[in-house]
Amino acid sequence: MMGFMNITIRQLKIFEVVAQHLSYTRAAELLFLSQPAVSMQIKQLESQIGLPIIEKMGKRLFLTEAGEELLIYARAIINQLTELDDVMDELKGSQRGRLKIAVASTASSFSLKLLGEFYKRFPGSNISLDVTNRANLLNHLEDNTVDMVIMGRPPEGMNVEATSFMENELVVVAEANHKLSNKTKIPLSVIQKETFIMREHGSGTRIAMEQFFRESGYDISSVMEMSSNDAINQAVEAGLGLSIVSRNTLRREIQLGQLTILDVESFPIMRHWYLVHRKGKRITAIMAAFKRIVEKESAEILNKSK
Ligand code: PGA
């Protein structure tokens, strides 16, 4: 029991980085420390705890069971300290508010416009943004590593608050001169025969697309996979196939006449964008300001920027 009293926050922070990357070298780089300094901190932590926390098997590092447990607590402590820092900043009336958000890759272009507007109003704020797919957004919420998330469908079975603020229509896109581009009410039986370019596993768009075809009794078998919406749009333009994408990723390509939206039966698939944060999260002034912009003003801001 007494041994734990000597653990320092610095050791926990170092351990958290080592555990995340499972590499002393990478952790040392990220922390601007020497590699021996990092491994010494881990050794000291182990001797205070009285159990090994990291083991080396072959060339790879592994967390021991004690290491896994410690990681959960280390992350919780670090998060609490960051929150404490924010609260104290707020009490000092500091302009240096911090906002950590993560957005679905499919939502990135309009999210950046909303962030732009936010930054105009809070020029002193410190914003960090992760643009990633649905699976990683769920991890962010689970691990409490961001303040807020913009995503396609709020997670089930997780204690979150979610507000829908905008429609998200999934449409079938094709190159502008595609043979189906002038047809109307194209049946799914025709669409099914085409080659499709899909997002990677873990993408919310992909999950919605697969669910749609499953429920309508069709199976698209001819597929290519890409992990970015831009790459997909370029691949469709190059004639590699059709895709199902959010209309939010498309504006420029449609305006430039590079892509066209096909008139397919049962489309668009109607979804919504949500602003999500963990329930019980302390909402700082800066988070409240961002929330207000997204939930109350996004339609106006995005219309203006068209
Ligand atoms: P994604 O978008 O496809 O970029 O993961 C999230 C979603 O639409 O749920």
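Indexing begins at 1, ligand by ligand and atom by atom, following the structure's order.
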When you measure from the heavy atoms of Met151 to every atom of ligand 1, does any distance fall below 4.0 Å? no

Is there a polar contact, in the sense of an N or O pair closer than 3.5 Å, between [X] and ligand 1?
X: Gly204; value: yes
X: Asn229; value: no
X: Ser203; value: yes
X: Arg206; value: no
X: Thr205; value: yes

Testing Leu137, Leu138, Val160, Ile101 for side-chain contact (heavy atoms from CB on, under 4.5 Å) with Val149, which one passes? Leu137

In Ser105, Ser228, Ser227, the residue satisfying side-chain contact (heavy atoms from CB on, under 4.5 Å) with Arg199 is Ser105

of all protein heavy atoms, closest to atom 4 (O) of ligand 1 is Thr106 OG1, 2.7 Å

Looking only at protein heavy atoms, which one is nearest to atom 6 (C) of ligand 1, and how far off is it? Ala104 CB, 3.4 Å

Nearest non-hydrogen atom to atom 8 (O) of ligand 1 belongs to which of Met209, His272, Arg271? Arg271

Quiz question: by atom type and distance under 3.5 Å, do the side chains of [X] and [Y] form a donor-acceptor pair?
X: His277; Y: Lys291; value: yes
X: Asn133; Y: Glu200; value: yes
X: Thr145; Y: Asp143; value: no
X: Thr163; Y: Glu295; value: yes

Using a 4.0 Å cut-off to any heavy atom of [X], which atoms of ligand 1 qualify?
X: Arg134; answer: 5 (O)
X: Asn133; answer: 5 (O)
X: Arg199; answer: 1 (P), 3 (O), 4 (O), 5 (O)

How many angstroms lie between atom CD1 of Ile54 and atom CG of Leu63, to the nearest 0.5 angstrom? 6.0 Å

Main-chain N/O of Asn233 paired with Glu253 side-chain donor or acceptor, under 3.5 Å: no

